[in-house]
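Reckoned from all heavy atoms, side chains included, excluding hydrogens, waters and symmetry mates. Ligands are counted one by one from 1 in listed order, and the atoms in each one are counted from 1 as well.
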Amino acid sequence: MPASQQLAEVALRTGTLPDLPQGHFIDGGFRPAAAGRHMESFDPGSAAPFADFACGDADDVAAAVESARRAFENVWRDVPAAERGRVLQRAAGLIREEAARLAVVECLDSGKPLAEAEGDVRGAARAFEYYAGACDKLQGDTFPIGPGYLGYSHHEPVGVAAQIIPWNYPISTAARGIAPALAAGCAVVAKPAEQTPFTALLLAEILKRAGLPDGVCNVVTGTGAEAGAPLVAHPGIDHVTFTGSVATGIDVMKAAADNVTRVVLELGGKSPVIVLADCERERALDGVMGAIFENAGQICSAGSRLIVERSLHDGFVAELCRRAEALTLGHGLRNPQMGPVNSAAQLGRVAGFIERARGRGVAIATGGGETADPESGRGWFYQPTIVADCAAGDELVCEEVFGPVLTVQIAEDAEHALALANDSQYALVAGVYTRDFATAHRLAQRLDAGQVYINEYFAGGIEVPFGGNKKSGFGREKGLEGLLGYCRTKSVAARL
Ligand code: ADP
């Protein structure tokens with residue numbers, strides 16, 4: 001039996017896991033909250049608390065930022081790039097060695113199916129591997145400023161980078177922020193979401209074992225108001241990477257403005273998936289299902305708006321409904337096809353959207369109700385839901401639900417599909433399914449989105465820059481652009 005399966009059985013039997021990290025991770029070790037407070041983390045699959053963690057406040061944040069500042073100025077920024085790369089590479093190896101435990105912890109904390117958590121852990125290892133290889137390729141430029149002069153630039157680390165991490169992809173988001181920050185020579189203070197604190201703590205401890213000097217990567221746990229807000233407002237922070245809701249992103253940007261701190265904001269989405277009549281039908285069906293039902297739709301880049309060409313519509317949507325009804329739901333540790341949503345609050349939000357839609361007379365083609373883990377009768381589950389033929393201005397088409405809810409709009413042709421797709425306050429991701437590559441790339445040029453997937457939704461990995469336009473935010477993570485986000489250019493111009 002694979003290691004993750006064995007551990008999953010322990011967690012299912014006991015309702016918890018042994019040896020979960022206690023305390024914040026500050027200055028190279030776990031330490032309790034300054035005020036001695038704790039809070040509970042819940043298992044969404046059973047709706048029961050499974051462990052305590054430190055509930056931090058401004059004092060804990062101050063200790064973490066001071067530790068990061070010391071480690072940045074006295075140690076990390078001067079560590080040779082190749083050595084930084086070796087630390088990150090060792091971290092990638094350790095993540096792989098401990099993948100089973102990390103995945104089970106992630107599954108229990110977030111609710112997602114174990115196979116998805118395993119994929120996230122592989123992705124986290126890959127992020128460290130990718131940026132390990134990039135550390136010593138961060139090179140500057142020279143400028144032709146004339147005879148008798150020398151002009152050149154190099155990339156300096158920004159300093160201490162705050163990472164505000166959401167609950168839907170805890171280890172993935174932590175890794176895609178922490179790895180490039182460390183690669184650039186920055187120190188980090190990360191604040192995982194209060195719903196999912198554990199894998200960020202485990203990651204910090206793995207980095208220490210990989211040889212990262214004390215203080216270079218710190219993790220403070222607690223709520224957004226008590227730990228997140230003081231972190232982004234702290235004058236010792238030089239950069240904030242925030243992934244979360246639009247409303248909180250606006251607060252973060254305002255707080256950062258007071259110290260003129262740079263921010264990268266990865267916010268919400270309402271991403272369209274355009275399916276044209278000439279698509280490869282099976283591929284498109286698989287793609288649309290994964291785009292909305294992976295992680296129970298709790299993905300900023302979920303493909304939550306299907307825009308399908310009229311001639312394909314009826315049979316395509318009927319088949320989607322059939323597949324949605326056949327999806328197995330259950331506790332993430334039993335590895336169903338779809339798990340619960342992450343919290344009671346999120347379940348309430350999703351249910352509220354559908355209740356309001358019913359009130360407006362919108363037809364729900366399938367799903368549209370709360371449900372439970374079939375084994376235990378517990379947990380925060382929502383049925384895979386498809387809302388057919390939704391009007392462009394409807395709340396369900398315009399607002400991010402962040403749950404397993406797909407809307408369907410009918411397009412007359414590719415141009416009409418493009419207009420419907422771009423009619424959104426968000427612009428994070430867009431998908432296109434067609435066999436006609438000229439049409440696909442023409443649409444890709446004109447779709448307002450940070451990234452466009454052609455014939456495979458979620459194609460690509462850490463190599464591909466990721467981020468949004470409009471209310472989906474700005475700045476790019478992942479890829480070499482993500483690394484440059486943690487650098488500042490210093491230009492030198494000299495008369496010889
Ligand atoms: P949600 O509403 O789905 O919980 P948020 O965008 O509020 O999503 O949360 C994303 C992350 O931002 C979490 O780590 C949360 O604790 C943190 N957070 C919430 N409010 C603030 C804030 N005012 N300042 C900084 N971080 C915050």
Side-chain angles (χ1 to χ4, degrees), residues 24 33 37 39-42 44 53-58 60-62 64-65 106 109-112 161-174 176-178 188-201 203 218-235 237 239-259 261 263-270 295-302 340-350 352-353 380 382 399-403 426 428 468 471-473 477:
H24 307 301
R37 291 187 303 143
M39 57 193 295
E40 286 175 324
S41 192
F42 283 76
F53 62 96
C55 180
D57 59 22
D60 301 297
V61 165
V65 175
E106 189 81 325
D109 217 1
S110 71
K112 64 181 63 191
Q163 304 282 334
I164 305 285
I165 299 165
W167 46 259
N168 60 335
Y169 280 91
I171 196 169
S172 312
T173 314
R176 83 177 183 204
I178 293 172
V188 168
V189 180
K191 209 298 282 174
E194 51 270 44
Q195 296 86 349
T196 53
F198 289 111
T199 45
L201 292 164
L203 196 56
N218 305 275
V219 177
V220 175
T221 55
T223 65
E226 289 179 304
L231 177 58
V232 298
H234 197 291
I237 292 295
H239 171 106
V240 177
T241 296
F242 171 81
T243 306
S245 63
V246 178
T248 306
I250 291 169
D251 288 344
V252 166
M253 195 170 163
K254 284 181 180 160
D258 285 339
N259 294 318
T261 304
V263 288
V264 167
L265 298 179
E266 206 264 87
L267 308 177
K270 192 75 194 178
N295 203 20
Q298 303 163 110
I299 313 182
C300 46
S301 53
V341 299
N342 178 261
S343 63
Q346 191 54 26
L347 183 62
R349 262 178 238 149
V350 175
F353 271 106
W380 296 311
Y382 202 83
E399 300 297 331
E400 182 178 46
V401 175
F402 221 66
Y426 295 108
L428 186 54
K471 284 203 177 152
S472 295
E477 296 192 81

I'd like to know if Glu400 and Lys471 make a salt bridge, using a cut-off of under 4.0 Å between side-chain N and carboxylate O.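 A salt bridge is absent here (no side-chain N lies under 4.0 Å from a carboxylate O).
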Give one line per pair: atom of ligand 1, protein atom, distance. Only N/O to N/O under 3.5 Å.
from: ligand 1; atom 1: 3 (O); to: Trp167; atom 2: NE1; distance (Å): 3.1
from: ligand 1; atom 1: 4 (O); to: Trp167; atom 2: NE1; distance (Å): 3.4
from: ligand 1; atom 1: 6 (O); to: Ser245; atom 2: N; distance (Å): 2.7
from: ligand 1; atom 1: 6 (O); to: Ser245; atom 2: OG; distance (Å): 2.8
from: ligand 1; atom 1: 6 (O); to: Thr248; atom 2: OG1; distance (Å): 3.3
from: ligand 1; atom 1: 7 (O); to: Thr248; atom 2: OG1; distance (Å): 2.9
from: ligand 1; atom 1: 14 (O); to: Ile165; atom 2: O; distance (Å): 2.8
from: ligand 1; atom 1: 14 (O); to: Lys191; atom 2: NZ; distance (Å): 3.2
from: ligand 1; atom 1: 16 (O); to: Lys191; atom 2: NZ; distance (Å): 2.7
from: ligand 1; atom 1: 16 (O); to: Glu194; atom 2: OE1; distance (Å): 2.6
from: ligand 1; atom 1: 16 (O); to: Gly224; atom 2: N; distance (Å): 3.2
from: ligand 1; atom 1: 24 (N); to: Ala229; atom 2: N; distance (Å): 3.4

So, using ring pair (Phe, Tyr, Trp, His ring centres under 6.0 Å) as the criterion, who are the partners of Tyr426 when residues are at least two apart?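 None.
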Show me the side-chain donor-acceptor pairs of residues 239-247 shorter than 3.5 Å, one per line, residues at least two apart or across chains.
from: His239; atom 1: NE2; to: Thr241; atom 2: OG1; distance (Å): 2.9
from: Thr241; atom 1: OG1; to: Tyr486; atom 2: OH; distance (Å): 2.7
from: Ser245; atom 1: OG; to: Thr248; atom 2: N; distance (Å): 3.3
from: Ser245; atom 1: OG; to: Thr248; atom 2: OG1; distance (Å): 3.0

Fit a plane to each ring of Trp167 and Phe402, take the angle between them on a 0 to 90° scale, and name the class: parallel (under 30°), tilted (30 to 60°) or perpendicular (over 60°).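 Geometry flag for Phe402 against Trp167: perpendicular rings.
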Check side chain to side chain contact (heavy atoms under 4.5 Å, CB included) between Ser301 and all other residues, then give those that pass, not counting sequence neighbours.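 With neighbours one apart ignored, the set is Ile299, Leu428, Val429, Phe458, Phe466.
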If you count every heavy atom of other residues, nucleotides or ligands that lies below 6.0 Å from Met253 atom CE, does the total exceed 12?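 Atom CE in Met253 is not crowded, with 12 or fewer foreign heavy atoms closer than 6.0 Å.
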